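Report on the structure given below.
The structure presented is a predicted model; accordingly, all values stated were derived computationally and were not measured. Each chain gets a letter, A, B and so on, in the order the sequences are listed, and its residues count up from 1.
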There are 2 protein chains.
Amino acid sequence: MNVNFNIDDFIKNFQTNCNKVQKKTFYKNQVITSYIEKRNQFCILVSGNADLVRYDLNGNRTIVEHFSKHDVFGEVFYTVSTNNELLVEAREKCEVLIYIYDDIHSKCKNNCKFHQVLSENLPELILSKVTDLNMRIELLTKRSIRDKLLGYFNLLSNRNLSKSFYLSFSLTDLADYLSVDRSAMMREIKSLKEEGFIDKNKNRITLLYK
Amino acid sequence: MNVNFNIDDFIKNFQTNCNKVQKKTFYKNQVITSYIEKRNQFCILVSGNADLVRYDLNGNRTIVEHFSKHDVFGEVFYTVSTNNELLVEAREKCEVLIYIYDDIHSKCKNNCKFHQVLSENLPELILSKVTDLNMRIELLTKRSIRDKLLGYFNLLSNRNLSKSFYLSFSLTDLADYLSVDRSAMMREIKSLKEEGFIDKNKNRITLLYK
DNA sequence: TGAATTTTGTTGCTTTTGCAACAGAAAAAC
DNA sequence: GTTTTTCTGTTGCAAAAGCAACAAAATTCA
């Protein structure tokens, strides 16, 4: 999910004007935040990349969302009450703008630029989130591991405007993202190669069909 | 997904003030709309209920979303390009407000009340969509049919503030909503009954645990 | 009301997926 | 540069899910 307004202006201006927004730095594998009901965090990933991860009672790990530069996250986007722990984990060094708000729709007393820009762009911001989530649902509703893989590869291929692309996930993480068993996924990738649907060199995939 | 501002005011006012918004009536099994890229429809379900349905190349039917009174839908919420057909089908008689916009963020020339109220409430509206979609993803990432069923039942139980509740889906539709095979789902429901997790009378479910 | 259609419930069989375990390769840490 | 850890690739076996088909029940239609 990418924010279209100028995020660099955003980052430059908030410090002088608003005390409700903080910029923090996190390092690989650190927990940036855990989702807690009613603690209304709104975060912008300034640099780096991170995952929203859920651990369920059976010990399964699911990558719910993957965030890269300029993506937004936080409880504001996840009001649903869940029994499971939801963590945002840094995959590498990450700079994050964190804003804990009382009411995201109303402006702060300071009437600072941060809130002005935020409220102006909130619909667009959230709308792009909806797009991401719909894409994710489309993948998850596919009935077989093969279809999930091909759906995901297609997506990357379209984004990259090329039949070849690099996986940004490790295969272990990809399995957790597609919500399937890793070894079963590996077996399926093997079959896709053997049947001539794809080519795979390290983490570079090439689609051989269409 | 429920809209909190007064939708009845909304409906009352648009007709006199704005020619870009239409109210239409649909009957059971009619197609309310099909999602087409760049035709930016924004719809509000005034009464009745409907499903967003996807048919894939393998002949599988998936209920992507279920809409009831006051839910909103349309291409504005589904920018992702998909290969599959996406239809909104009426489950019963439905009244729908349809608004085809050029730019949902900008006000129309008439400066009518409809657009004023719409733009004021757009963030909240879309945010509630995000909540719905996250709930859906949580269900879909569950690894077994049993966990999907229990997750869905839990949700209904929480909404209803009771261990007992009625299914609004037929079992055939529920399978399409959870994205699993119907007969496998039926087998699982049977096991849940036999193992004493749930009780089922017609379309009334009672949770016997927790 | 009676006929037609849809939904529910069930089963045998097949295919897919998950689990557990392990070895080698690659990457990270020291 | 060596050790430790993580990731990849693979397999045999078990469990779960899908497919196909059918009868009975319920619902809709005419």
Does Lys200(A) make a side-chain N or O approach to OP1 or OP2 of dT8(D) shorter than 4.0 Å? no

Just checking, Lys93(B) and Tyr27(B): is the charged tip under 6.0 Å from the six-membered ring centre and within 45° of the axis? no

Using a 3.5 Å cut-off and no angle test, enumerate the donor-acceptor pairs between side-chain atoms of residues 185-194 of chain A and protein atoms at least two apart in sequence or in another chain.
from: Glu188(A); atom 1: OE2; to: Arg146(A); atom 2: NE; distance (Å): 2.8
from: Glu188(A); atom 1: OE2; to: Arg146(A); atom 2: NH2; distance (Å): 3.2
from: Ser191(A); atom 1: OG; to: Arg187(A); atom 2: O; distance (Å): 3.0

So which atom in Ile36(B) and which in Glu75(B) form the shortest heavy-atom distance, rounded to 0.1 Å? N-OE2, 3.0 Å

Mark yes or no for whether Arg136(B), through its side chain, and Tyr177(B), through its backbone, hold a donor-acceptor pair below 3.5 Å. yes

Could you write nucleotides 14-30 of chain D as a row of B, S and -, 5' to 3', where a protein heavy atom under 4.0 Å of any base atom gives B, of only sugar-phosphate atoms gives S, and otherwise -? ---BBBBB----S----

Nearest-angstrom distance from the residue atom CE of Met186(A) to C1' of dT16(C): 18 Å

It should be established whether Lys190(B) places a side-chain nitrogen or oxygen under 4.0 Å from OP1 or OP2 of nucleotide dT8(C). no

If you check the Ser170(B) side chain, which of dT11(D), dG9(D), dT7(C) turns out closest? dT7(C)

Not counting sequence neighbours, which residues clear side-chain hydrogen bond (donor to acceptor under 3.5 Å, both in side chains) with Ser168(A)? List them please. none

Atom CG of Asp147(A) to atom C1' of dT17(C): distance rounded to whole Å? 14 Å

Given atom CZ of Phe169(A) and atom P of dT6(D), what is their separation to the nearest angstrom? 19 Å

When rounded to whole Å, the CG to P distance for the pair Asp176(A) and dG18(C) reads 12 Å

So, Arg61(A) and Asp173(A), do they make that salt bridge, N to O below 4.0 Å? yes

Please round to the nearest 0.5 Å and tell me the distance separating atom CZ of Phe197(B) and atom OG1 of Thr206(B). 15.5 Å

Atom-to-atom span, CD1 of Ile189(A) to C1' of dT17(C) - whole angstrom: 15 Å

In whole angstrom, give the distance that lies between atom CG of Leu178(A) and atom P of dT17(C). 12 Å

Figure out the CG/C1' separation between Leu171(A) and dG9(D), and round it to whole Å. 9 Å

How many Å lie between NZ on Lys148(A) and P on dT16(C), as a whole number? 14 Å

